[in-house]
Amino acid sequence: MSTRPLAIFGGTFDPIHIGHLTVAWEAAELLDAEVRLMPANVPPHRPVPLASAAERVAMLRAALAGQSRLALDARELGREGPSYTVDTLRELRGEQGARPLVLLLGADAFAGLPGWHRWRELFDYAHIGVLSRPGADAVVPDALAEEVAARHVDDVAALRSVPGGKVTELMVTPLEVSATRIRELLAAGRDPRYLLPPGLFDDPALLMPYRKSPLV
Ligand code: ATP
């Protein structure tokens with residue numbers, strides 16, 4: 001069985017942009033892992049994505065074409081309503097045997113982990129890779145700090161020897177790009193060419209969900 005880890009990077013990807021791709025790519029390099037981008041159904045308290053699930057998948061496919069380090073896993077979109085990460089990881093664990101799984105989380109999302117459904121169980125199924133920016137420290141609540149104390153490892157090689165349960169920091173390159181900003185630019189008729197992956201920009205039909213409808 002391969003011990004090359006499988007890492008999961010979730011998000012709305014409305015649309016996917018170079019900020020997502022850069023951190024996913026660097027995490028894949030640092031972990032020597034296969035990274036899967038996993039688009040989420042959006043929970044009721046968050047704004048509805050402008051692009052439909054099918055449109056977000058089409059954009060992800062275009063963005064990921066031509067390389068094999070990053071892949072798409074659209075399983076959560078096939079379910080009704082939002083998915084709990086713990087359920088997705090349990091399902092992956094069932095499929096992947098003892099292969100190391102790594103849940104990739106931005107430092108801010110990691111700090112909010114105690115608000116997640118059955119968050120302590122996440123460690124039963126996967127490691128967590130915290131995507132950090134050099135010099136930036138999110139405040140980690142006490143309950144999380146206690147849970148993580150014995151799990152923290154500095155050397156990513158430690159993630160290969162067990163299927164899950166460890167936490168490590170992955171220093172990645174921060175890019176000040178957000179999907180919100182890209183949606184604003186497109187709605188204003190601007191062309192955010194270099195904030196988007198080429199596969200996406202080269203097919204203007206993929207970006208139609210973000211353009212203001214022409215006046216008739
Ligand atoms: P929005 O602006 O619509 O909130 P977003 O650009 O933050 O979207 P999401 O799809 O919500 O994108 O993010 C998916 C994951 O990517 C999240 O973990 C988020 O923290 C991370 N992420 C988003 N933008 C960046 C970026 N520029 N650099 C690093 N990570 C990012």
Side-chain angles (χ1 to χ4, degrees), residues 7-31 33 35-64 70-77 82-86 88-89 101-113 115-116 119 122 126-140 144 167-188 190 192-197 200-201 206-207 209-211:
I8 300 299
F9 185 54
T12 314
F13 304 118
D14 183 34
I16 182 161
H17 55 67
I18 59 167
H20 300 130
L21 289 165
T22 300
V23 295
W25 186 265
E26 290 191 13
E29 283 193 316
L30 291 170
L31 294 167
V35 172
R36 291 191 194 168
L37 277 64
M38 192 174 279
N41 275 328
V42 175
H45 57 276
R46 290 210 46 185
V48 179
L50 286 187
S52 68
E55 288 166 338
R56 288 184 288 138
V57 165
M59 289 188 281
L60 279 156
R61 283 195 205 289
L64 297 176
L70 307 179
L72 168 67
D73 189 327
R75 72 182 61 216
E76 291 191 346
L77 296 176
S83 295
Y84 289 117
T85 300
V86 68
T88 301
L89 291 178
L101 295 177
V102 185
L103 177 66
L104 299 174
L105 292 177
D108 291 354
F110 178 68
L113 207 62
W116 290 27
W119 68 275
L122 296 171
H127 304 297
I128 293 183
V130 184
L131 302 167
S132 297
R133 302 171 171 214
D137 263 339
V139 179
V140 173
L144 182 58
V167 176
T168 198
E169 257 186 306
L170 302 168
M171 286 296 169
V172 294
T173 308
L175 296 177
E176 280 299 320
V177 181
S178 70
T180 302
R181 176 71 181 147
I182 291 169
R183 290 193 300 271
E184 285 169 2
L185 290 169
L186 288 166
R190 303 260 305 268
R193 168 175 288 265
Y194 295 115
L195 302 182
L196 294 166
L200 219 178
F201 197 86
L206 291 170
L207 297 173
Y210 307 108
R211 301 275 189 203

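Counting convention: from 1, in listed order, for ligands and their atoms alike. Excluded from the calculations below are hydrogen atoms, water molecules and symmetry mates; all remaining heavy atoms, backbone and side chain alike, are included.
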Results of side-chain hydrogen bond (donor to acceptor under 3.5 Å, both in side chains) for R36 - residues two or more places apart only: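 R36: side-chain hydrogen bond (donor to acceptor under 3.5 Å, both in side chains) contacts with E34, D73.
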Once side-chain hydrogen bond (donor to acceptor under 3.5 Å, both in side chains) is applied, do any residues pair with T88, and if so which ones, sequence neighbours excluded? E76, R79
Check whether any side-chain N or O of E55 sits under 3.5 Å from a backbone N or O of S52 as a donor-acceptor pair, and report yes or no. yes
Counting only heavy atoms not in R61, do more than 12 sit closer than 6.0 Å to its CZ atom?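 For R61, atom CZ is not crowded (no more than 12 foreign heavy atoms under 6.0 Å).
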For L101, enumerate each residue passing the side-chain contact (heavy atoms from CB on, under 4.5 Å) test, keeping only those at least two apart in sequence or located in another chain. L6, L92, R93, Q96, A126
List the protein residues in contact with ligand 1, where contact means a heavy-atom separation under 4.0 angstrom.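 Correct list: F9, G10, G11, T12, F13, H17, G19, H20, V23, R46, R133, L175, V177, S178, A179, T180, R183.
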Tell me yes or no: between the side chains of R183 and T180, is some donor less than 3.5 Å from an acceptor?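 Yes, a side-chain donor-acceptor pair sits under 3.5 Å.
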